[in-house]
Peer 1: 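Got a structure for you, written out below as structure tokens; questions coming shortly.
Here is the naming used below: chain letters follow the sequence lines, and residue numbers restart at 1 for every chain.
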There are 2 protein chains.
Amino acid sequence: MPKGKPTDVPDDGLTTRQRRNRPVLAVHTGDMKGKSTAAFGMALRAWNQGWSIGVFQFVKSAKWRVGEEAAFRALDASGAGGSVEWHKMGEGWSWARKRGTEDDHAKDAREGWAEIRRRLAEQRHDFYVLDEFTYPLRWGWIDTDEVVEALSTRPGRQHVVITGRQAPPALVAAADLVVDMTKVKHPMDSGQKGQRGIEW
Amino acid sequence: MPKGKPTDVPDDGLTTRQRRNRPVLAVHTGDMKGKSTAAFGMALRAWNQGWSIGVFQFVKSAKWRVGEEAAFRALDASGAGGSVEWHKMGEGWSWARKRGTEDDHAKDAREGWAEIRRRLAEQRHDFYVLDEFTYPLRWGWIDTDEVVEALSTRPGRQHVVITGRQAPPALVAAADLVVDMTKVKHPMDSGQKGQRGIEW
């Protein structure tokens, strides 16, 4: 496979090296599965670079992504690559003094974003996965403009991948890389339910 | 996130449990990156199930997917999940007595498929990644009908994920799960080249 070639070179005053090393804001959206899966696939490469990885799951159920979480905890423990922190809203953010209340997901989501914002400011991680983060944005729990502002002005070389359906247009506009996962065919169409090892 | 619900239940004589546990043939196609990345993300879940994983890379360069390969070798070595075998056409298939000749990729690709076919027949792995496998099919190096026949009649519970652009229609027709990765926006459009940790 040949490497992709730029279709044109912008007149932005940056050297090729500077342009090459710009931190990436990626958005994986669309109706199909694979959005988070591909984000965790990217995190494998980040791990191999020895980067500090922070995963923040904006989902209610703590049972989601158990396979990915187990794998990244094993990678973290292996000591061979980067470090991995894995935080879940579903069981209350690990840094929060008390567990999230079952009935105030909006507040939990805002707490999660506030922490991410702090970490971005202090350049805590090299690679962030904000999993299912589009939902609190769509639902108005977190202000999209504030997120775009914080991401656009983040210091240093921090890569951020955001997943979830229906990414807000302002977020898509701010992103460097946007992938839309489109369903062509899915087993659930023919009555098949999700199965262990494949869906989770 | 609610679990997906089947839109209808087919009259195929299978119980829900049987239907649920059918092995999956997935195809990740489309022009955008994320096809292989999502396949390796799926493999994380397979690893967490303790499954035997076989990765077969149908690419010329042995440098591709170094991050993913390093991560899966670390996961394999951790002993906490399943086993992972990683085979690359680019440096000559590991089971081949002599290294592949630089100038006969078609022959190398056919050797790779012959080995996969043998392994499917003997149910060697639980989860296969045939990375960039659509290319030897598109180029006529490997017969698509033969592949579809072998995959459709594979015994047991072997999951297979095939990645690559322009998946042949017969393969798409045979697949249970097809995702099309569509490009919305890519940094290379604005002159950015691939970078370490992000693209590989």
Peer 1: Out of curiosity, A:Glu69 CD to B:Arg45 CZ, how far, rounded to the nearest 0.5 Å?
Peer 2: 13.5 Å
Peer 1: So do A:Leu44 and B:Leu44 actually touch side chain to side chain, heavy atoms under 4.5 Å?
Peer 2: yes
Peer 1: Non-hydrogen contacts under 4.5 angstrom with chain A: give the residues of residues 145-154 of chain B involved, or none if there are none.
Peer 2: none
Peer 1: Which one of B:Ser78, B:Gly50, B:Ala38, B:Gly41 has the most heavy-atom pairs closer than 4.5 Å to chain A?
Peer 2: B:Ala38
Peer 1: Can you tell me how far the CZ atom of A:Arg65 sits from the CG atom of B:Asn48, to the nearest 0.5 Å?
Peer 2: 13.5 Å
Peer 1: Looking only at heavy atoms, what is the nearest atom pair of A:Val179 and B:Met181, with distance?
Peer 2: CG1-CG, 4.2 Å
Peer 1: Testing the basics here: between B:Leu75 and A:Ala74, what is the closest heavy-atom pair and its distance to 0.1 Å?
Peer 2: CD2-CB, 3.9 Å
